[in-house]
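Input: a single structure, listed below in structure tokens.
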Amino acid sequence: MNYKELAKTIITNVGGEENIQSLTHCATRLRFNLKDDSKPQESTLKHTPGIMGVVNKGGQYQVIIGSDVGNVYNEITAQTNLTSDQETAEDDRGRVAKIIDTITGIFTPILPAITAAGMLKAVLSLLVVFNVLTAESQSYQILNFMADAAFYFLPILLAASSAQKFKANMYLAMMVGGILLHPNFIAMVTAVNEAGGGIHLFGLPISPVSYSSSVIPIILSVWFMSYVEPIADKVSPKAIKFFSKPLLTIFVVGTVALVALGPLGYMISEAISTGIQALETVSPWIVPLLIGAFTPLFVATGTHYGLVPIGINNRMTTGYDTVIYPGMLASNVSQGAAAIGVGFKSKDSTIKQLAFSAGLTGLFGITEPALYGVNLRFKTPLYAAMIGGGFGGLFMGIMRVRNFSGGSPGLLTLPSYIGDDTLRHLTNACIGAAISIVVTFIATLFLYKDPVTEEAPEATPADKEQEPTHQISGAEIKAPLKGELKSLQAVNDGMFSEEILGQGVAIEPTVGEVLAPVNGTVTAVFDSKHAIGLTSEEGIELLIHVGIDTVQLNGEGYAYQVEKGQKVTVGDPLITFDIEFIKEKGYPVITPIVITNSAEVGDILTANSGPITFGDQIIKVIG
């Protein structure tokens with residue numbers, strides 16, 4: 001994937017840098033806060049190679065990329081200066097949208113650490129269950145404190161992400177987290193709880209509460225700091241501002257955090273935990289059922305991040321979560337099962353390939369490809385997933401399945417249900433996941449039907465002059481290079497080797513010249529000059545990409561011989577390039593030739609691998 005050019009396209013089509021208030025990303029999506037969400041060119045974005053879908057919900061404009069989202073995010077931040085306007089930009093979104101965005105912005109950055117800790121805990125539980133380690137061994141104790149680190153120091157992690165969201169100094173915020181976790185304070189709390197008495201700062205009472213693994217106290221404290229810091233800056237004399245501003249900020253915020261905000265956050269956390277326990281007593285099945293059924297809608301709107309803190313808070317206060325993560329497990333595997341069901345039922349090879357690939361990632365906990373690429377697109381698989389997720393969530397709610405360490409809900413994190421010195425919760429989680437998968441799969445087979453393309457009415461003489469509506473067929477594509485013909489699987493780039501951009505071939509060139517493989521028009525050129533887009537007279541859209549990751553050369557070693565919009569015939573020179581220079585810079589010169597509208601053409605036949613020269617037939621499209 002050409003991250004640089006994709007980033008440039010996204011920036012342009014969300015309304016330009018001036019329309020972006022802020023940007024974050026999760027496992028698969030870029031999450032924009034836009035000043036005007038009517039400016040984005042949604043149709044263009046949806047049809048851009050590398051973008052799986054677009055959704056504007058929950059106060060965010062979300063562009064779904066997939067697993068490459070981190071690379072695209074890095075390119076966007078490299079090409080922009082997003083922080084310059086964020087502090088003064090007016091935010092006219094609704095209150096609910098702002099709350100959802102705030103929760104998302106705080107918890108999304110720390111999820112990798114929480115996931116790593118949860119998975120390490122799960123692995124450790126397996127090692128104990130299968131008698132590889134004992135709880136008394138040093139290896140167990142070391143791995144255990146490694147896993148506990150993210151949970152114990154959670155306030156410091158949240159301090160950093162909260163500071164970014166509330167526009168406060170990150171390092172002062174982390175210091176506030178350190179204040180709440182300092183060993184001396186913990187020792188004072190322990191002593192008071194054991195022997196009685198109290199803790200006071202200049203006569204102000206401090207609640208003897210431990211804040212390790214807490215969530216709400218530090219968020220409230222950093223939010224408060226975002227108001228104190230500007231005041232400290234304003235009242236500090238310029239000559240001593242360098243040290244007076246942080247001194248005033250930490251003294252005020254640290255004091256208020258220990259005296260008021262910390263205890264208040266602790267009470268809120270306990271109230272949430274107590275409420276969940278009361279709900280469990282009355283009807284333990286209702287919340288997992290609802291989450292199992294409706295999480296796809298929460299994910300589509302981005303509001304599922306509002307549920308994540310509840311699950312984390314449950315584990316931090318009681319040691320386990322029985323409502324959020326079990327329900328999400330049922331929902332996520334149902335999303336994957338629905339997509340796989342589409343793959344089995346569909347007779348369209350393109351849909352099959354997408355559905356099976358997206359379905360597997362859904363089973364493992366990353367549902368966006370399945371949700372946006374398959375289930376929302378065809379609707380009926382979404383209904384099947386909601387049915388199966390509801391049944392799985394209902395079962396896990398009735399059995400009171402406990403999740404002990406979190407992670408991205410899916411089959412890979414099933415070990416996170418090992419705890420309480422029993423495998424009962426793991427067993428029931430596996431059964432609940434199986435129920436979700438089976439019910440969803442069967443429902444999908446019943447509900448899903450391939451989309452039907454209406455046949456065109458019999459053509460009139462006037463209609464015959466119009467562009468045909470049937471699939472493109474009967475076209476030949478000649479070799480644009482001289483060298484060794486290979487399959488796309490030989491290209492070390494998943495966008496090509498997995499045919500995500502389309503079907504085609506690759507050529508390892510021996511001559512540094514690209515000639516036109518079809519009669520048509522130049523429809524895309526790039527600043528880096530390493531690729532070119534053509535549309536043939538028959539309507540076949542071709543991408544010729546000279547080398548892999550060669551966009552990094554910024555045009556060095558390349559020269560265009562044509563301009564965008566220019567008509568070309570077979571054999572016309574398109575690009576010249578310096579093979580030896582590109583190789584010396586460490587980049588492969590293997591060149592994919594891809595039909596980017598493969599779904600709109602007939603069957604694509606490719607020539608056998610071997611030596612190839614200019615003008616040889618490499619691809620034939622037949623009806």
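All values below come from the heavy atoms of this structure, side chains included, with hydrogens, waters and symmetry mates left out. In this chain, numbering begins with 1 at the start of the sequence shown.
A distance of 10.5 Å separates CE of M170 from OG of S162, quoted to the nearest 0.5 Å. Atoms CG and CG, on D616 and L485 in that order, are 9.0 Å from each other to the nearest 0.5 Å. Going from atom CD1 of I156 over to atom OG of S161 covers 12.0 Å, rounded to the nearest 0.5 Å.
For the pair E513/P573, a side-chain contact is recorded, criterion being any heavy-atom separation below 4.5 Å from C-beta on. The shortest side-chain heavy-atom distance between N169 and E229 falls under the 4.5 Å cut-off. Taking the side chain as every heavy atom from C-beta outward, I10 and T12 never approach each other to under 4.5 Å. L553 is listed as a side-chain neighbour of Y587, based on a closest heavy-atom distance under 4.5 Å. Within the 4.5 Å cutoff, the side chain of Q62 has no heavy atoms near those of the F32 side chain. Under the 4.5 Å side-chain criterion, counting only non-hydrogen atoms from C-beta, L574 is in contact with V568. Using a 4.5 Å heavy-atom cutoff, the side chains of L543 and P592 are not in contact. In this structure, E5 and H530 have side chains that are in contact, with non-hydrogen atoms separated by less than 4.5 Å.
For the residue pair F378 and I351, the shortest heavy atom distance occurs at CZ-CD1, 3.7 Å. Between I593 and P480, the closest heavy-atom pair is CG1-CG, 3.9 Å. Residues A479 and T613 approach most closely at CB-O, 3.3 Å, considering heavy atoms. Contact between A159 and A173 at its shortest, heavy atoms only, is CB-O, 3.3 Å. Contact between Q79 and E17 at its shortest, heavy atoms only, is O-OE1, 4.4 Å. When all heavy atoms are compared, the tightest approach of K567 to T521 is NZ-OG1, 3.2 Å.
By the neighbour-count criterion of 12 heavy atoms within 6.0 Å, atom NZ of K352 is densely surrounded, having more than that number from other residues, nucleotides or ligands. Atom NZ of K478 has more than 12 neighbouring heavy atoms from other residues, nucleotides or ligands inside a 6.0 Å radius. The environment of CG in N608 is sparse: at most 12 heavy-atom neighbours from other residues, nucleotides or ligands sit within 6.0 Å.
At a cut-off of 3.5 Å, with distance as the only test, a side-chain donor of D572 or T569 sits close to an acceptor on the other residue. A donor-acceptor pair shorter than 3.5 Å cannot be found between the side chains of Y560 and Q566. Using modelled atom types, one finds no donor on one side chain facing an acceptor on the other under 3.5 Å when comparing D348 with S346. A donor-acceptor contact closer than 3.5 angstrom links the side chains of N71 and Y3. Remark: the T510 side chain and the K482 side chain contain no N/O donor-acceptor pair separated by less than 3.5 Å.
For Y152 and F145, the ring centers are positioned 6.0 Å apart or more.
E484 and K486 are not joined by a salt bridge, as no carboxylate oxygen comes within less than 4.0 angstrom of a charged side-chain nitrogen.
Side-chain N or O atoms of S536 include one that pairs as donor or acceptor with a backbone N or O of I540 at under 3.5 Å. At least one donor-acceptor pair closer than 3.5 Å links the side chain of H545 to the backbone N or O of G547. Side chain of N519 to main chain of V570: a donor-acceptor pair is present (N/O by atom type, distance under 3.5 Å, no hydrogens or angles). For the pair E476 (side chain) and I619 (backbone), a donor-acceptor distance under 3.5 Å is absent. Listed for the N19 side chain is no donor-acceptor partner under 3.5 Å among the backbone atoms of G16.
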Yes or no on side chain to side chain contact (heavy atoms under 4.5 Å, CB included) for N375 and Q335, after CA distance, side-chain angles and deciding distance? CA-CA 8 Å; N375 300 341; Q335 288 287 314; 2.9 Å; yes
Side chain to side chain contact (heavy atoms under 4.5 Å, CB included) between I51 and L6, worked out: CA-CA 9 Å; I51 296 177; L6 180 56; 3.9 Å; yes
Please lay out, stage by stage, how I582 and K585 fare under the test side chain to side chain contact (heavy atoms under 4.5 Å, CB included). CA-CA 5 Å; I582 295 170; K585 292 294 184 178; 5.9 Å; no
Could you go through the side chain to side chain contact (heavy atoms under 4.5 Å, CB included) check for T576 and Y558 one step at a time? CA-CA 6 Å; T576 55; Y558 292 89; over 6 Å; no
